[in-house]
Amino acid sequence: MSTSDAVLLFDAGAGQAQGGRQFQEDRCTLVLPDQFPSKTEDKLAFFAVYDGHGSQLVAEHASRNLHFLLAKRPEFDLGDYEGAIKGALADEDGVLLDRFKNEATEPAVSGSTVALCFINLTKGDLVVANLGDSHVILAERDPRTERPCHIRRLTKSHKPDAPSEKSRIEEAGGVINTRSGTARVGALNMSRAIGDLQYKNPINTIEDEGTSQKTRRASSSSSAPETRGNFLSNEPDMMRLKLSPDRRYLLVVVSDGISDSTDDATLINHIMKLSTRGMMAGDIAQEVASLTASRRGSDNRSCLVAFLDGQDS
């Protein structure tokens, strides 16, 4: 590690399990400093979990391309990582829209959550962003005992019936339904995601009679087409933190197949218990993903684990 680096990426790895679902629609991206597509001399890392729905198309596409779109954004070279992430997510939807117009209708009915972490290890900057209900959890590790402390979830769940989301959806002309017992926008139980273009401009402004059955799985609007906004948003919640050079951290990114089945403290303590037994990050992530995955009807499960050590820790 260069003496100019505030934080060392000590170990990182990802694990996945299909669970009881017919298909594995989750995707993970782990980009290490020597792999990040940027010309800067700073050491940069990128971790993300994409929980696909409708099909794996959007999760697969974003997992391969979003970090490249991020590095190409003009805000990126200025250190405005939040602006670059927001722009990259919009660019991803733009690429999917072109695909919808020129190739196939699948981007209209396929989508994905996003939970991502961008880290400038040289400066100690951590930027977290999310859409939907995949999550990022950060904990500190006691340098003497390796026990976790200060466990924090850095992301928000975006659900249609949350007051701010409900207001935004209805102002856009969208309708929230609870017929299934879960609040939904059309067929979706989330209010923010990439893809799912049938719930966004310009596709959701097309006259319903002229829209193919494939691109309208469920009614999501009662308003006139020309007045509709984006029922589903691709604008992420974001947070920037400064990682201290005298502390050690555990960073975990999970899909809702994991976060809905265990609380954050239990998850973090389990990961640290496995770590103190000598397990590497990738093996830990796989064990976490595989836990309870054999249960009937269990969701796709993805876990990404990273250990970060401050320069002076």
Side-chain angles (χ1 to χ4, degrees), residues 13-31 46-67 69 89 92-93 95-97 99-100 103-117 129-136 155 157-160 180 182 184-200 203 214-218 220 232-234 236 252-262 282 285-286 288-305:
Q16 292 187 293
Q18 188 168 322
R21 298 298 177 90
Q22 186 176 3
F23 303 105
Q24 172 57 279
E25 296 178 339
D26 282 7
R27 294 293 187 271
C28 295
T29 302
L30 193 159
V31 183
F46 179 93
F47 310 132
V49 165
Y50 304 92
D51 183 352
H53 48 262
S55 77
Q56 75 278 7
L57 172 76
V58 172
E60 174 69 20
H61 188 273
S63 70
R64 293 179 178 272
N65 293 284
L66 189 66
H67 51 292
L69 294 173
L89 290 166
E92 172 66 13
D93 263 1
V95 173
L96 293 169
L97 179 60
R99 188 165 182 171
F100 170 83
E103 298 179 26
T105 60
E106 193 172 359
V109 297
S110 176
S112 179
T113 71
V114 181
L116 69 84
C117 304
N130 84 292
L131 299 168
D133 52 11
S134 294
H135 292 291
V136 178
T155 44
S157 287
H158 298 129
K159 296 298 184 180
S180 66
T182 300
R184 296 180 183 273
V185 178
L188 299 179
N189 68 347
M190 65 194 67
S191 54
R192 303 192 193 194
I194 50 173
D196 294 308
L197 300 181
Q198 63 178 321
Y199 303 116
K200 299 173 181 175
I203 296 175
K214 187 174 181 181
T215 63
R216 49 186 176 95
R217 294 176 297 175
S220 57
L232 195 71
S233 174
N234 63 14
V252 180
V253 190
V254 291
S255 61
D256 68 330
I258 293 173
S259 60
D260 284 354
S261 64
T262 186
Q286 187 57 56
V288 168
S290 299
L291 192 66
T292 74
S294 61
R295 292 178 183 172
R296 185 176 181 180
S298 60
D299 199 356
N300 295 160
R301 300 166 63 89
S302 293
C303 179
L304 194 153
V305 172

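Please read these numbers as outputs of a predicted model, since none were measured by experiment.
Note on R301 versus D26: no salt bridge recorded, every NZ/NE/NH1/NH2 to OD/OE distance being 4.0 Å or above.
Here the OH-OG1 distance, from Y50 to T29, works out to 4.5 Å after rounding to the nearest 0.5 Å. Between the CD atom of E60 and the OG atom of S112 there is a distance of 10.5 Å, given to the nearest 0.5 Å. Expressed to the nearest 0.5 Å, how far CD1 of I258 lies from CD of Q16 amounts to 9.5 Å. Distance check: S255 OG to L304 CG gives 11.0 Å after rounding to the nearest 0.5 Å. Atom CG of L96 and atom CD of E106 lie 10.0 Å apart (nearest 0.5 Å). Note that CD of E25 is 11.0 Å distant from OG of S302, once rounded to the nearest 0.5 Å.
Side chain of Q18 to main chain of R21: a donor-acceptor pair is present (N/O by atom type, distance under 3.5 Å, no hydrogens or angles). Checking side-chain atoms of K200 against main-chain N and O of G195 turns up a donor-acceptor pair under 3.5 Å.
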List the steps and the verdict of side-chain contact (heavy atoms from CB on, under 4.5 Å) for F100 and T105. CA-CA 5 Å; F100 170 83; T105 60; 4.0 Å; yes
S191 vs H158, test: side chain to side chain donor-acceptor pair (under 3.5 Å). Steps then yes/no. CA-CA 5 Å; S191 54; H158 298 129; 5.6 Å; no
Intermediate values then yes/no, side chain to side chain donor-acceptor pair (under 3.5 Å), T113 and H53: CA-CA 8 Å; T113 71; H53 48 262; over 6 Å; no
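In this structure, P107 and L57 have side chains that are in contact, with non-hydrogen atoms separated by less than 4.5 Å. For the pair V114/E92, no side-chain contact is recorded, criterion being any heavy-atom separation below 4.5 Å from C-beta on. Residues V185 and L232 form no side-chain contact, since every pair of their non-hydrogen atoms from C-beta on lies 4.5 Å or further apart. You'll find the side chain of D256 reaches within 4.5 Å of the side chain of D51, heavy atoms only. Side chains of V95 and H61 form a contact here, defined as non-hydrogen atoms less than 4.5 Å apart. When side chains are defined from C-beta on, C303 counts as touching V252, because their heavy atoms get closer than 4.5 Å. In this structure the side chain of D260 never reaches within 4.5 angstrom of the side chain of D299, judged on heavy atoms. Between V49 and V254 there is no side-chain heavy-atom pair separated by less than 4.5 Å.
Taking all atoms of both residues into account, the shortest heavy-atom contact from C28 to A14 is CB-CB, 4.2 Å. Nearest heavy atom pair, residue S259 against residue D133, reads OG-O, 4.1 Å. S298 approaches G19 most closely through the heavy-atom pair OG-CA, 3.3 Å. Here the closest heavy-atom approach between residue S110 and residue V58 is recorded as O-CG2, 3.2 Å.
Applying the side chain to side chain contact (heavy atoms under 4.5 Å, CB included) test to A129 and every residue at least two apart in sequence or in another chain returns I85, L116, P236, M238.
Among the candidates D93, L188, I203, the single residue satisfying the side chain to side chain contact (heavy atoms under 4.5 Å, CB included) test with D196 is L188.
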